[in-house]
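The structure under discussion appears below in the form of structure tokens.
Any value given below was found using the heavy atoms of this structure, including those in side chains, with hydrogens, waters and symmetry copies removed. Throughout, residue positions are numbered sequentially from 1 according to the sequence presented. Indexing begins at 1, ligand by ligand and atom by atom, following the structure's order.
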Amino acid sequence: MKRREIVKVLGLGVAAAGLAACTEEKKAEVVDCKPTAAPAAPVAEKPDVIEWKMVTTWPKNFPGLGTGANYLAELIGQMSGGRIHVKVYGASELVGALEIFDAVSRGTAEMGHGASYYWKGKSRAAQFFAAVPFGLTAQEMNSWLYHGGGMELWEEVYAEFGLIPGAAGNTGVQMGGWFNREINSVEDLKGLKMRIPGLGGEVLKRAGGTPVLLPGGEIFPSLQSGAIDATEWVGPYNDLAFGLHKAAKYYYYPGWHEPGTTLECFMNKEAFEKLPEDLQIIVRNALRVANQDMLADFTAKNNRALEQLVNEHGVELRPFPDDVLKQIKALSDEVVSEEAAKDPMSQKVFESFVKFREQAIKWHAVSEQAYLNARTL
Ligand code: CA
């Protein structure tokens, strides 16, 4: 968001602090006239609170994602000085996980916290704002959204549903997944039954594998019983919590299918537009803070969890061979461009996305990538 809007928010904080001090002074001054001052005071100190509901696709307090939604709600409360109270509902508490889009669209709740690839059935273009195989990293996603035209396109896609979208977190690069067989060539993916959702699943299918859709809670038992051969989930922090290392031998990297998954918080447009301008600015900036904070949280916790997985649980870390990645990338490019060609809006978003990725590849070859390589020489 614009610098002047952030300044406005900060200015508001200062103004609020000044108001509090002034109230304290007044209290001190009216000690001698208690009878008239006392009844009025509680009314003046308690402005009307705007009550909002946030429905989420995550189980309540789910590490990283659910806790990220909680943090955003807290931030909105704190930054607004208590003028907005957001109550967070876990999946199925108010509506089912995959019903949140419709619930916020019709105004049953004011906010929804999820990931835009879940809404592919509403608008195919939505999936480009969450994760694309061999797509953008977290840093690149934020750059495309905030300063590369991505957010305007996202707003255009959600407008017909009466929703305003916003980025509200990022997992960073995910892991390739848990396997019980070695992946030495693309041939090894043939016949592989793997839990891998979205466009990544389509790519696996094209490589001869069978993508399976399973909610989080069913992953571990399915992998342990052999109902699936492999699974991806998120990264060390979430994977360790699920105990996936107890059901598979090899932990492959990198997560080519989800290189920087953006989580979202969308709002009911009518509810948002009813807010006074200063609260609109506060909500938008709270989203920005939550977006950055989730990535920092994931990075710090993944660092620690990876050490634990390798040092305490003896997990065998394996890179996908370069040749496998190269072939999967070629298949991904096919799958993603075919998907984009299915409707004009998807094509429009895809073209903006691809153009940004081309620039980012060139710039990061001489910056992030060059530096990360140099650091480990
Ligand atoms: Ca994943």
Hey, is Lys87 close enough to Glu51 for a salt bridge, meaning N to O under 4.0 Å?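 Answer for the salt bridge query: no.
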Taking the ring centre of each residue, are Phe242 and Trp178 less than 6.0 Å apart?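 Here the rings of Trp178 and Phe242 have centres that are no less than 6.0 Å from each other.
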Here the Ca ion (ligand 1) sees protein N, O or S atoms within less than 3.0 Å, and their number is 5
Residues passing the ring-ring contact (aromatic ring centres under 6.0 Å, His included) test with Phe298, sequence neighbours excluded, are Tyr237
query: Are more than 12 heavy atoms from other residues, nucleotides or ligands located less than 6.0 Å from atom NZ of Lys60?
result: yes
Members sharing Trp363's hydrophobic cluster, built from side-chain contacts under 4.5 Å between Ile, Leu, Val, Met, Phe, Trp and Tyr, are Val366
Applying ring pair (Phe, Tyr, Trp, His ring centres under 6.0 Å) as the test, list every pair that has at least one member in residues 299-319; sequence neighbours left out.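 Counting only pairs at least two positions apart or across chains, the ring pair (Phe, Tyr, Trp, His ring centres under 6.0 Å) contacts touching residues 299-319 are His245-His313.
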